Amino acid sequence: MVKAEAVHKSFGRLEVLRGIDLEVAPREVMCMIGPSGSGKSTFLRCINHLEKIDAGRLSVDGELVGYRERGDKLHELPDKEVCRKRSEIGMVFQRFNLFPHMTALENVIEAPIRVKKESRAVAAARARKLLDRVGLSEKMNAYPNQLSGGQQQRVAIARALAMEPKLMLFDEPTSALDPELVGEVLDVMRGLAGDGMTMVVVTHEMGFAREVGDSLVFMDGGVIVEEGKPRDVLTNPQQERTRTFLSKVL
C-alpha cells in the first residue's frame, strides 16, 4: 500500500529524511517510534504530499504521490490531481484541527460534500454511523469547545474516515491528550486495525505498538535504525541506539 524508495527531504540545509526505504502491506498496521526531530512526522506528511520529497520515490497503492513519471523524470501533478489522490489518504494530526464554528456532524460531512460532491443526505447518513462508531452518537450537535480533547480527536478520526480512505496516517494522535483520555482514542484505533484498515502510526504509546502493530520502525536522525515485529524490537532490540532510546521510554 505504501512504498518508499530512497526518500530524501530537506528544509534549507537541514536534511530531515536521509534515504528512507520501507513498505507497508495492505491491512498492515505499521508503528513508527523515535525521538523528537527524527523525521517521523515529516515522513508521514510526505506520504500524502503535504511535504514534497527532494529525491527518491514514494507511492501509495501503486501510484506515485504528487508526481507523474515521464521517461526517467518526475513531473509534479497539478494541485487538483494532488488533492484527488490526497482524498484517498486519511490523516489524523496531533492537534485536532477541527473547524471551531462547526458541530461534530458538520465537521465530518464537510469534506465529502466539498471534495467528493456528495449530497448532504448521503454524507450525513455516513457521518452519523461514523460518529456512532467512535462512541459519539450523543455529541453530533456539539461544537469542539464543548468536547474533551479525546472526544475532539475521535471526531477528527471520524472526519478522516468519512472520505472512505484506503490508508490512514496518525501523527502522534494521543500526545496532546490528558493521560486518562488516551485510552478512548486508542480503542477506536484498535477497532480500525481489527477492521483491516491499513495504518501508519507515529506514536509514543509502546503498549499500543506492541499489541496492535504488525511492524515497528525506529527512526533517528532521518534514517531507519531498526525495524521488525513490535515485540522483537521492543524486547530484544539489535541496535545500540534503539536500546538507548527504549531504556528511556519503557
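Please read all numbers here as calculations on a predicted model, not as lab measurements.
- Taking CD of Gln152 as the start and CG of Leu181 as the end, the distance is 10.5 Å to the nearest 0.5 Å.
- Clustering of Ile, Leu, Val, Met, Phe, Trp and Tyr side chains at separations under 4.5 Å places Val115 together with Met163.
- Considering only heavy atoms from C-beta on, Leu131 stays 4.5 Å or farther from Arg154 through its side chain.
- Note that the CG atom of Asp195 and the CZ atom of Arg27 stand 8.5 Å from one another [nearest 0.5 Å].
- In this structure a side-chain-to-backbone donor-acceptor pair under 3.5 Å is present from Arg243 to Pro237.
- Residues Phe170 and Val29 are not in side-chain contact: their nearest non-hydrogen atoms beyond the backbone lie 4.5 Å or more apart.
- Judged by distance alone, the side chain of Gln153 and the main-chain N or O of Pro173 form a donor-acceptor pair under 3.5 Å.
- Between the CG atom in Asp171 and the CZ atom in Arg45 there is a gap of 8.0 Å [rounded to 0.5 Å].
- When atom types are taken as modelled, the side chain of Asn107 and the backbone of Met102 share a donor-acceptor pair closer than 3.5 angstrom.
- At a threshold of 4.0 Å, the pair Glu211-Arg190 counts as salt-bridged, since one of the basic side-chain nitrogens sits closer than that to a carboxylate oxygen.
- For the pair Arg126 and Glu118, the salt-bridge criterion is met [side-chain N within less than 4.0 Å of a carboxylate O].
- Of the possible donor and acceptor atoms, one in the side chain of Lys9 sits under 3.5 Å from a partner among the backbone N and O of Lys52.
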Subject >> Stepwise side-chain contact (heavy atoms from CB on, under 4.5 Å) check, His75 with Tyr67 >> reply: CA-CA 5 Å; His75 299 268; Tyr67 300 93; over 6 Å; no
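- Put simply, the residue from Lys3, Lys85, Lys166 that forms a side chain to side chain donor-acceptor pair (under 3.5 Å) with Asp61 is Lys166.
- Remark: side-chain polar atoms of Asp232 are not paired, donor with acceptor, to backbone N or O of Gly228 under 3.5 angstrom.
- Lys129 has no carboxylate O lying under 4.0 Å from a charged side-chain N of Asp132, or vice versa, which leaves the two without a salt bridge.
- Distance check: Arg86 CZ to Arg84 CZ gives 12.5 Å after rounding to the nearest 0.5 Å.
- Hydrophobic cluster membership differs between Val217 and Val212, with clusters built from Ile, Leu, Val, Met, Phe, Trp and Tyr side chains linked at under 4.5 angstrom.
- No chain of hydrophobic side-chain contacts below 4.5 Å, direct or via other Ile, Leu, Val, Met, Phe, Trp or Tyr residues, connects Leu186 to Val202.
- Within the 3.5 Å criterion, the main-chain N or O of Asn236 finds a donor-acceptor partner in the side chain of Gln238.
- Atom CD of residue Glu227 and atom CE of residue Met32 lie 9.0 Å apart, to the nearest 0.5 angstrom.
- Here the side chain of Arg57 pairs no donor or acceptor atom with the backbone of Ala4 at under 3.5 angstrom.
- Of the N and O atoms on the side chains of Glu15 and Ser10, not one donor lies less than 3.5 Å from an acceptor on the other residue.
- Clustering of Ile, Leu, Val, Met, Phe, Trp and Tyr by side-chain heavy atoms under 4.5 Å joins Leu246 with Ile33, Met206, Leu216, Phe218, Val223, Val225, Val233, Leu234, Phe245, Val249, Leu250.
- Note that OG1 of Thr244 and CD of Gln239 are 11.0 Å apart. Values are rounded to the nearest 0.5 Å.
- Side-chain contacts under 4.5 Å among hydrophobic residues (ILVMFWY), followed directly or transitively, place Val82 together with Leu77.
- Counted by atom type alone, Thr198 and Glu28 present zero donor-acceptor pairs between their side chains at under 3.5 Å.
- Counting only heavy atoms from C-beta outward, the side chains of Ser59 and Val2 never approach each other to under 4.5 Å.
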Subject >> CA sep, side-chain torsions, deciding dist, call: His101, Tyr143, ring pair (Phe, Tyr, Trp, His ring centres under 6.0 Å) >> reply: CA-CA 7 Å; His101 61 290; Tyr143 289 89; 8.7 Å; no
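- With hydrogens and angles ignored, the 3.5 Å screen pairs no side-chain donor or acceptor of Asp220 with any backbone N or O of Ser38.
- When each of Ile47, Ile53, Thr42 is paired with Val7, the side chain to side chain contact (heavy atoms under 4.5 Å, CB included) condition holds for Ile53 and for no other.
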